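What follows is a short report on a single structure.
Numbering starts at 1 and runs along the sequence shown. Whatever order the structure lists ligands and atoms in, that order sets their numbers, starting from 1. Values in this document were obtained by computation on a predicted structure and should not be read as measured data.
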Amino acid sequence: MCDECGCEEHKHEVITLEENILKDNDVRAAENRAFFREKEIFAVNITGSPGSGKTTFLEMLIPHLGKDNIAIIEGDLEGDVDSCRMESLGVRTVQINTKGACHLNAHLVSHAIEKLDLNGIKYLFVENVGNLICPTFFDLGEEMRIIISSVPEGDDKPVKYPPMFASGNMLILTKIDLLPHISFNREKFRDELSRINPNMPVFEVTSRKPEMVIPVAEAIKKQSKEKR
Ligand SMILES: Nc1nc2c(ncn2[C@@H]2O[C@H](COP(=O)(O)OP(=O)(O)O)[C@@H](O)[C@H]2O)c(=O)[nH]1
Ligand SMILES: [Mg+2]
């Protein structure tokens with residue numbers, strides 16, 4: 001059925017349009033990826049729900065990778081709250097406002113790159129719009145996709161949003177300081193994840209112990225060296 005009126009005729013048009021949008025995005029994503037490889041920049045797409053702790057994770061990670069090695073693209077519907085948080089750490093940052101769109105795309109990222117001084121940059125982190133559905137299907141040209149999932153969102157997120165969790169190269173479970181206060185079944189969460197994405201490494205962090213991101217930083221460094 002079509003999304004608008006439920007008719008079969010429209011269904012075909014909608015599917016064709018979606019396919020074209022995704023095809024166009026894939027072409028641009030491949031261009032972005034070629035650009036990053038040429039510049040030896042390791043690009044990482046950070047996805048997850050609104051409020052899952054994406055920006056906090058970046059704040060913890062940055063000191064371990066070196067602020068001068070990093071550039072950030074912040075994606076939000078409106079405003080510059082997150083880019084201000086990044087700039088206050090002295091990191092080169094550009095903000096994209098999607099004005100209602102629920103995900104970034106490769107085209108938006110290619111324009112954002114033009115605004116960044118990439119001299120000496122080894123890592124580009126793109127914080128996607130908070131959403132567990134739409135960003136799944138839009139390759140940005142990244143080498144690595146990190147999914148951020150937080151304890152208060154519940155242990156059922158992988159079961160409810162399998163395409164997103166299947167698309168990741170690394171999962172960060174955030175806010176583990178809240179485990180004693182919330183009925184979150186860690187084993188259930190991890191079992192479902194390993195069923196959906198068996199080879200994805202999982203790291204647990206909390207902003208109460210920022211040093212917990214050190215193994216994550218090491219894993220990112222290792223991955224980026226393997227790509228060079
Ligand atoms: N208790 C707790 N709160 C956290 C943690 N990480 C982030 N938060 C809080 O969660 C909220 C959303 O975090 P933010 O990083 O802005 O999420 P984003 O929207 O995914 O970028 C903020 O109030 C953070 O202070 C954590 O490890 N533990
Ligand atoms: Mg954020």
Side-chain angles (χ1 to χ4, degrees), residues 43-65 67 70-105 108-109 112 116 123-136 138 140 142 144-158 160-161 164-165 167-186 189-190 202-217 219-220:
V44 183
N45 182 359
I46 311 271
T47 62
S49 306
S52 54
K54 299 181 292 301
T55 314
T56 307
F57 166 71
L58 282 171
E59 286 168 339
M60 293 193 284
L61 187 68
I62 285 164
H64 301 290
L65 295 177
K67 70 176 177 61
I70 299 173
I72 309 262
I73 296 174
E74 284 291 350
D76 280 295
L77 260 68
E78 296 279 350
D80 60 359
V81 175
D82 284 358
S83 55
C84 289
R85 284 169 70 180
M86 290 298 119
E87 277 164 5
S88 73
L89 298 175
V91 183
R92 282 172 251 184
T93 309
V94 64
Q95 178 81 51
I96 300 175
N97 281 148
T98 60
K99 302 287 178 193
C102 52
H103 60 88
L104 294 179
N105 61 48
L108 287 168
V109 168
L116 277 168
Y123 307 97
L124 173 74
F125 290 95
V126 184
E127 183 180 339
N128 218 314
V129 178
N131 188 304
L132 285 179
I133 307 166
C134 313
T136 310
F138 287 82
L140 305 180
E142 73 264 21
M144 183 183 211
R145 183 177 288 193
I146 298 182
I147 303 171
I148 310 286
S149 194
S150 66
V151 165
E153 288 170 72
D155 51 30
D156 59 0
K157 287 298 142 312
K160 291 173 95 170
Y161 301 92
M164 170 58 87
F165 287 88
S167 77
N169 307 107
M170 181 186 278
L171 184 125
I172 311 291
L173 179 63
T174 59
K175 311 193 190 184
I176 62 154
D177 56 295
L178 299 176
L179 279 169
H181 311 287
I182 289 172
S183 49
F184 181 96
N185 186 329
R186 217 184 211 148
F189 181 82
R190 280 182 171 259
V202 179
F203 295 87
E204 297 187 356
V205 302
T206 160
S207 58
R208 306 294 148 97
K209 291 184 186 162
E211 67 277 10
M212 285 186 87
V213 298
I214 293 173
V216 182
I220 293 171

For the pair [X] (side chain) and [Y] (backbone), establish whether a donor and an acceptor sit closer than 3.5 Å, ignoring hydrogens and angles.
{"X": "S52", "Y": "S150", "answer": "no"}
{"X": "D76", "Y": "G79", "answer": "no"}
{"X": "D155", "Y": "F184", "answer": "no"}
{"X": "K175", "Y": "S207", "answer": "no"}
{"X": "N97", "Y": "K99", "answer": "no"}

Below 4.0 Å from ligand 1: does a non-hydrogen atom of [X] turn up there or not?
{"X": "G130", "answer": "no"}
{"X": "E59", "answer": "no"}
{"X": "G48", "answer": "no"}

(request) Please indicate, with yes or no, if any protein heavy atom is found under 4.0 Å from atom 23 (O) of ligand 1? (result) no

Say you draw a straight line from [atom1] of [X] to [atom2] of [Y]; how long is it, rounded to the nearest 0.5 Å?
{"X": "K160", "Y": "I133", "atom1": "NZ", "atom2": "CD1", "result": "10.5 Å"}
{"X": "N128", "Y": "I147", "atom1": "CG", "atom2": "CD1", "result": "11.0 Å"}
{"X": "E74", "Y": "T93", "atom1": "CD", "atom2": "OG1", "result": "7.0 Å"}
{"X": "L108", "Y": "I96", "atom1": "CG", "atom2": "CD1", "result": "5.0 Å"}
{"X": "L104", "Y": "E127", "atom1": "CG", "atom2": "CD", "result": "9.5 Å"}
{"X": "M60", "Y": "I172", "atom1": "CE", "atom2": "CD1", "result": "8.5 Å"}

Proximity to ligand 1 by part of [X], non-hydrogen separation under 4.0 Å:
{"X": "R85", "answer": "side chain"}
{"X": "R208", "answer": "side chain"}
{"X": "S150", "answer": "neither"}

Could you identify the single nearest non-hydrogen protein atom to [atom] and state the distance to 0.1 Å?
{"atom": "atom 19 (O) of ligand 1", "value": "G51 N, 2.9 Å"}
{"atom": "atom 17 (O) of ligand 1", "value": "G53 N, 3.1 Å"}
{"atom": "atom 11 (C) of ligand 1", "value": "K175 NZ, 3.9 Å"}
{"atom": "atom 7 (C) of ligand 1", "value": "T56 OG1, 3.4 Å"}
{"atom": "atom 26 (C) of ligand 1", "value": "S207 OG, 3.1 Å"}
{"atom": "atom 21 (O) of ligand 1", "value": "T55 OG1, 2.7 Å"}

Only heavy atoms of [X], strictly under 4.0 Å: list the atoms of ligand 1 that pass.
{"X": "S52", "value": "17 (O), 20 (O)"}
{"X": "D177", "value": "1 (N), 2 (C), 26 (C), 27 (O), 28 (N)"}
{"X": "E127", "value": "21 (O)"}
{"X": "S49", "value": "20 (O)"}
{"X": "T206", "value": "27 (O)"}

(request) At a cut-off of 2.8 Å, list the protein N/O/S atoms near the Mg ion (ligand 2), residue plus atom name. (result) T55 OG1, D82 OD2, E127 OE2

(request) Could you go through the side chain to side chain contact (heavy atoms under 4.5 Å, CB included) check for L116 and I73 one step at a time? (result) CA-CA 9 Å; L116 277 168; I73 296 174; 4.0 Å; yes

(request) Could you tell me which residues satisfy side chain to side chain donor-acceptor pair (under 3.5 Å) with E142, sequence neighbours excluded, listed by chain and number? (result) N45, R145

(message) Going by side chain to side chain donor-acceptor pair (under 3.5 Å), name the residues that satisfy it together with E211, two or more places apart in sequence or in a different chain.
(response) none

(request) Check ring pair (Phe, Tyr, Trp, His ring centres under 6.0 Å) between Y123 and all other residues, then give those that pass, not counting sequence neighbours. (result) none

